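Values in this document were obtained by computation on a predicted structure and should not be read as measured data.
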Amino acid sequence: MTDQQTTETRDLEAARRGDRAAFARLYEEWYPAVYRYARFNSRTTADAEDLAAEAFARALAAVSRFRGTAAELPAWLFRIARNAAIDRARRTRPTTELVELEGGDPTSPLADRLDIRQALAQLTQEQRSVILLRFAAGLSTRETAVAVGRREKAVESLQHRALEALARRLSPR
């Protein structure tokens, strides 16, 4: 076990006992990855910050009941973030985002990001979750399976179908 793993294990145990400083250290370690995931599930930076904050508030409230190991902590955190994103999507009415690129180059990186966001939005919620957890958050197939509550083979299948759908939507006509 590395020093970082040992420290994370100690912090997790202390956080379970109510040590807020220990939870703060776990927050510092995992906030950037959870925020990246939240950013892909949000329209604005502020929405992503709110979603990440909500995920960690839920984690703080539930950490005493978390029975997993420190190695399982990331999947647990991303599952909480995913559920928070789903809950938020259910609470808000769907809207169409209109973006104008007046005078902009349609081959610019901004246009690419907008195309990717639009293509991701057309995936099913489960497909989008798998893609974001695997590639934006960097989770393994096993960790993603835990986070979405599916078997590894199901995650591999969802990932395959999602990547095919993205390729179809993003390929030049």
Side-chain angles (χ1 to χ4, degrees), residues 8 26-60 68 71-173:
E8 198 165 89
L26 294 171
Y27 169 88
E28 290 290 326
E29 175 71 25
W30 289 105
Y31 180 83
V34 171
Y35 171 78
R36 276 193 309 277
Y37 173 76
R39 186 62 187 106
F40 277 99
N41 275 294
S42 305
R43 290 178 183 245
T44 67
T45 301
D47 287 345
E49 290 167 351
D50 289 348
L51 181 56
E54 182 176 345
F56 277 100
R58 289 181 181 191
L60 177 61
E72 297 166 316
L73 181 67
W76 181 69
L77 290 172
F78 283 108
R79 184 178 189 117
I80 291 170
R82 176 182 178 267
N83 289 341
I86 291 169
D87 291 348
R88 185 178 61 177
R90 287 178 181 151
R91 286 191 307 265
T92 59
R93 286 188 316 149
T95 59
T96 303
E97 186 174 314
L98 299 176
V99 177
E100 280 190 68
L101 296 173
E102 286 184 27
D105 178 2
T107 62
S108 73
L110 174 59
D112 290 345
R113 284 195 304 261
L114 293 172
D115 289 346
I116 292 168
R117 278 190 172 283
Q118 290 169 346
L120 282 169
Q122 293 175 16
L123 298 176
T124 68
Q125 175 64 43
E126 276 195 318
Q127 288 174 334
R128 187 171 42 257
S129 290
V130 165
I131 293 299
L132 294 177
L133 290 168
R134 290 283 290 125
F135 300 108
L139 295 184
S140 69
T141 303
R142 184 171 194 264
E143 292 168 325
T144 301
V146 171
V148 298
R150 301 290 298 262
R151 295 178 189 261
E152 285 183 60
K153 289 292 184 191
V155 166
E156 289 170 355
S157 179
L158 282 165
Q159 177 181 322
H160 178 75
R161 287 193 309 271
L163 289 174
E164 283 183 338
L166 288 172
R168 281 192 307 274
R169 287 180 175 94
L170 295 171
S171 65
R173 308 265 174 212

Please work out whether the ring planes of Y31 and F56 are parallel, tilted or perpendicular, with thresholds of 30° and 60°.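 Geometry flag for F56 against Y31: tilted rings.
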Begin from the C-alpha positions of L120 and L132 and carry the test side chain to side chain contact (heavy atoms under 4.5 Å, CB included) through to its verdict. CA-CA 9 Å; L120 282 169; L132 294 177; 4.2 Å; yes
Using side chain to side chain contact (heavy atoms under 4.5 Å, CB included), reason through R169 and L123 one step at a time and then give a plain yes or no. CA-CA 10 Å; R169 287 180 175 94; L123 298 176; 4.0 Å; yes
Please report the shortest heavy-atom distance between [X] and [Y], naming the atom on each side.
X: A119; Y: L166; answer: CB-CD2, 3.6 Å
X: R82; Y: V148; answer: NE-CG1, 3.5 Å
X: I80; Y: A55; answer: CG2-O, 3.3 Å
X: A48; Y: A38; answer: O-CB, 3.6 Å
X: L51; Y: A81; answer: CD1-O, 4.1 Å
X: R58; Y: D87; answer: NH2-OD2, 3.0 Å

What residue pairs, at least two apart or across chains, pass salt bridge (Lys or Arg N to Asp or Glu O under 4.0 Å) with a residue in residues 118-136?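 Passing the test, one end in residues 118-136: E126-R150.
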If you measure only the distance, is there a donor-acceptor pair under 3.5 Å linking the side chains of Q125 and S129?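 A pair is found: one side chain offers a donor N or O, the other an acceptor, under 3.5 Å apart.
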Quick one: pull up [atom1] in [X] and [atom2] in [Y] and give me the separation to the nearest 0.5 Å.
X: I116; Y: L170; atom1: CD1; atom2: CG; result: 6.0 Å
X: R39; Y: T45; atom1: CZ; atom2: OG1; result: 4.0 Å
X: R91; Y: I86; atom1: CZ; atom2: CD1; result: 12.0 Å
X: F40; Y: Y35; atom1: CZ; atom2: OH; result: 10.5 Å

If you look only at distance, which donor and acceptor atoms sit under 3.5 Å apart when one is on a side chain in residues 72-79 and the other is two or more places apart or in another chain?
residue : atom : partner : partner atom : Å
E72     : OE1  : T69     : N            : 2.7
E72     : OE1  : T69     : OG1          : 3.3
R79     : NH1  : V146    : O            : 2.7

Using 4.0 Å as the upper bound for N to carboxylate O, is an ion pair formed by R161 and E164?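 No, this pair does not count.
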Side-chain donor-acceptor distances from residues 136-144 under 3.5 Å, at least two apart:
residue : atom : partner : partner atom : Å
S140    : OG   : R142    : N            : 3.4
S140    : OG   : E143    : N            : 3.0
S140    : OG   : E143    : OE1          : 3.3
E143    : OE1  : S140    : N            : 2.9
T144    : OG1  : S140    : O            : 2.9

